[in-house]
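First up is the structure itself, then whatever we jot down about it.
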Amino acid sequence: MTTHTDQLVRFLLPEAGVRGVHVQLDASWAELQSHAQYPPAATELLGQALAASALLTGHVKVEGRLSLTLRSPSDLHTLFAECTSAGTVRGLVRLAEGRDAPRQLNALGDQAMLAMTIENPGLDPREPQRYQSLINLDAVSLDGALEDYFRRSEQLPTRLLLTADGNGIAGLMLQKLPGDEGDSDGWNRACALFDTLGQAELATTQAETLLHRLFHEEAVQLLGNKPLRFACSCSPERVRDMLQSLGQQEALAAAEANDGEVEVRCEFCAREYHFSLTDLNLLFNPAHMHATSADRLH
């Protein structure tokens with residue numbers, strides 16, 4: 001793949017009554033991979049899921065974050081890909097030791113589950129509003145599974161094409177506008193043009209060039225773009241909250257088993273957080289530590 005600016009581009013085919021989104025990620029994909037190395041099939045699936053999560057934020061009302069989470073009892077334990085309304089992306093894969101993901105989604109088995117979760121801010125910042133949908137995994141590919149989901153659950157005709165390798169990822173999504181907008185043959189024409197696109201062309205062509213090449217006869221209108229970048233939401237405060245959820249006894253036991261220190265490494269960005277026994281005592285007994293400090297001042 002050649003180098004492109006990481007971005008999401010929204011567009012419209014007004015005569016056909018079709019809207020679309022194109023995404024491309026290169027630099028942010030490279031940064032994500034610098035924090036964790038995955039085998040080939042897992043890398044490809046994670047890249048496709050990351051492209052899909054970004055595409056979906058272009059059509060769904062997302063004021064916070066949208067994630068795709070895949071869990072299964074197979075060699076692929078967990079896959080997570082997320083895009084926020086601010087245009088930040090992150091993702092990870094957890095695999096059985098020395099194993100890789102299957103090349104076909106329907107090989108994951110009947111117990112595998114793929115969920116799309118939208119998390120928007122609530123009236124209370126501590127309690128966001130969450131909406132989750134389960135996606136059937138009968139399809140061979142992720143784009144096929146998402147197309148099936150929109151057809152069955154949303155009853156909204158949708159086409160997706162996703163591509164990913166170690167160098168970059170890209171995706172294209174078409175969706176029929178709700179209602180009777182567009183002429184009677186518009187969706188069929190848009191799909192016929194979409195079907196001429198292959199993964200290689202999607203991977204190597206910049207958004208504006210690709211959209212003009214595919215849809216110039218439909219007078220494609222670009223509706224603006226949004227930059228995308230890798231970012232992680234981990235922070236010392238979040239790690240402290242996690243340690244508090246473990247409980248004092250378990251946190252202190254973990255520290256004592258590790259030369260008096262708890263070490264937490266973020267799976268998304270590889271940042272490390274260190275908490276000593278003193279830090280943990282302050283975390284779980286702040287009033288006591290403050291009183292002790294005050295006594296010493298006197």
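- Each of Thr163, Leu161, Thr205 was checked for a side chain to side chain contact (heavy atoms under 4.5 Å, CB included) with Leu197, and the lone residue meeting it is Leu161.
- Residues in residues 228-251 take part in these salt bridge (Lys or Arg N to Asp or Glu O under 4.0 Å) pairs, two or more places apart or across chains: Glu237-Arg240.
- When all heavy atoms are compared, the tightest approach of Leu50 to Gly91 is CD1-N, 4.5 Å.
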Check against side-chain contact (heavy atoms from CB on, under 4.5 Å), Leu243 and Leu280: CA-CA 9 Å; Leu243 290 173; Leu280 295 174; 4.1 Å; yes
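- In this structure, the side chains of Asp100 and Asp75 stay at 4.5 Å or more apart for every pair of heavy atoms.
- No chain of hydrophobic side-chain contacts below 4.5 Å, direct or via other Ile, Leu, Val, Met, Phe, Trp or Tyr residues, connects Phe11 to Leu177.
- Put simply, the side chain of Gln48 never gets that close to the backbone of Asp143: no donor and acceptor are under 3.5 Å apart.
- A 6.0 Å sphere centred on CD of Glu272 holds more than 12 heavy atoms belonging to other residues, nucleotides or ligands.
- For the atom pair CD (Gln206) and CG (Leu211), the distance works out to 11.5 Å, reported to the nearest 0.5 Å.
- Contact check for Arg103 versus Pro40: side-chain heavy atoms found under the 4.5 Å cut-off.
- The closest side-chain heavy-atom distance from Ile118 to Leu56 is not below 4.5 Å.
- A donor-acceptor pair under 3.5 Å is formed between the side chain of Asn120 and the backbone N or O of Glu63.
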Verdict with reasoning, Arg189 to Glu217, per salt bridge (charged side-chain N to carboxylate O under 4.0 Å, His left out): CA-CA 10 Å; Arg189 291 198 313 274; Glu217 293 182 358; over 6 Å; no
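- Between Val93 and Leu79 there is a side-chain heavy-atom pair separated by less than 4.5 Å.
- To the nearest 0.5 angstrom, Asn188 atom CG is 10.0 Å from Lys176 atom NZ.
- Minimum interatomic distance between Thr196 and Glu201 (heavy atoms only, all atoms of both residues): O-OE1, 4.3 Å.
- To the nearest 0.5 Å, atom NZ of residue Lys226 and atom OG of residue Ser85 are 6.5 Å apart.
- A side-chain donor-acceptor contact under 3.5 Å links Ser276 and Asp279.
- A 4.5 Å side-chain heavy-atom check between Leu114 and Leu142 finds at least one atom pair inside the cut-off.
- Using a 4.5 Å cut-off between side-chain heavy atoms of Ile, Leu, Val, Met, Phe, Trp and Tyr, with links allowed through other members, Leu66 and Leu134 fall into different hydrophobic clusters.
- At a threshold of 4.5 Å between non-hydrogen side-chain atoms, the residues Glu82 and Phe268 do not count as touching.
- Taking the six-membered ring where tryptophan is involved, the planes of Phe230 and His35 are tilted, since the angle between them lies from 30° to 60°.
- Within the 3.5 Å criterion, the main-chain N or O of Asp183 finds no donor-acceptor partner in the side chain of Glu15.
- For CG of Asp110, the number of neighbouring non-hydrogen atoms (other residues, nucleotides, ligands) closer than 6.0 Å is 12 at most.
- Once rounded to the nearest 0.5 Å, the distance linking CE of Met113 with OG of Ser72 reads 10.5 Å.
- No donor-acceptor contact under 3.5 angstrom links the side chains of Ser74 and Arg99, judged on distance only.
- A donor-acceptor contact shorter than 3.5 Å is absent between the side chain of Trp29 and the backbone of Gln24.
- Hydrophobic clustering of Ile, Leu, Val, Met, Phe, Trp and Tyr side chains at less than 4.5 Å, counting indirect connections, keeps Trp187 apart from Leu12.
- Of the possible donor and acceptor atoms, one in the side chain of Thr158 sits under 3.5 Å from a partner among the backbone N and O of Leu156.
- Nearest heavy-atom pair across Gly47 and Ile169 is O-CD1, 3.4 Å.
- Taking hydrophobic clusters as Ile, Leu, Val, Met, Phe, Trp and Tyr residues chained together by side-chain heavy-atom distances below 4.5 Å, Val264 shares a cluster with Leu246.
- Side-chain contact between Phe80 and Arg90 is present, with heavy atoms from C-beta onward closer than 4.5 Å.
- Closest of all the heavy-atom pairs between Leu76 and Pro102 is CB-CD, 4.3 Å.
- Using a 4.5 Å cut-off on side-chain heavy atoms (C-beta onward), Leu174 and Cys191 make no contact.
- For the pair Asn106 (side chain) and Gly109 (backbone), a donor-acceptor distance under 3.5 Å is absent.
- Atom-to-atom distance recorded for Glu31:CD and Asp6:CG is 10.0 Å, nearest 0.5 angstrom.
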Cys232/Cys266 under side-chain contact (heavy atoms from CB on, under 4.5 Å): CA gap, chis, key distance, verdict: CA-CA 9 Å; Cys232 186; Cys266 177; 3.5 Å; yes
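- When all heavy atoms are compared, the tightest approach of Ala139 to Ala145 is CB-N, 3.4 Å.
- Taken from CD in Gln221 to CZ in Phe215, the straight-line distance is 13.5 Å, to the nearest 0.5 Å.
- For the pair Tyr38 and Leu92, the tightest heavy-atom approach, listed with the atom from each and the gap, is OH-CA, 3.4 Å.
- Criterion: ILVMFWY side-chain heavy atoms under 4.5 Å apart, direct or through other members. Under it, Val262 and Leu277 are part of a common hydrophobic cluster.
- Within a 6.0 Å radius of CZ in Arg71, other residues, nucleotides and ligands contribute 12 heavy atoms or fewer.
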side-chain hydrogen bond (donor to acceptor under 3.5 Å, both in side chains) between Gln132 and Thr117, intermediate numbers included: CA-CA 4 Å; Gln132 188 171 81; Thr117 305; 2.8 Å; yes
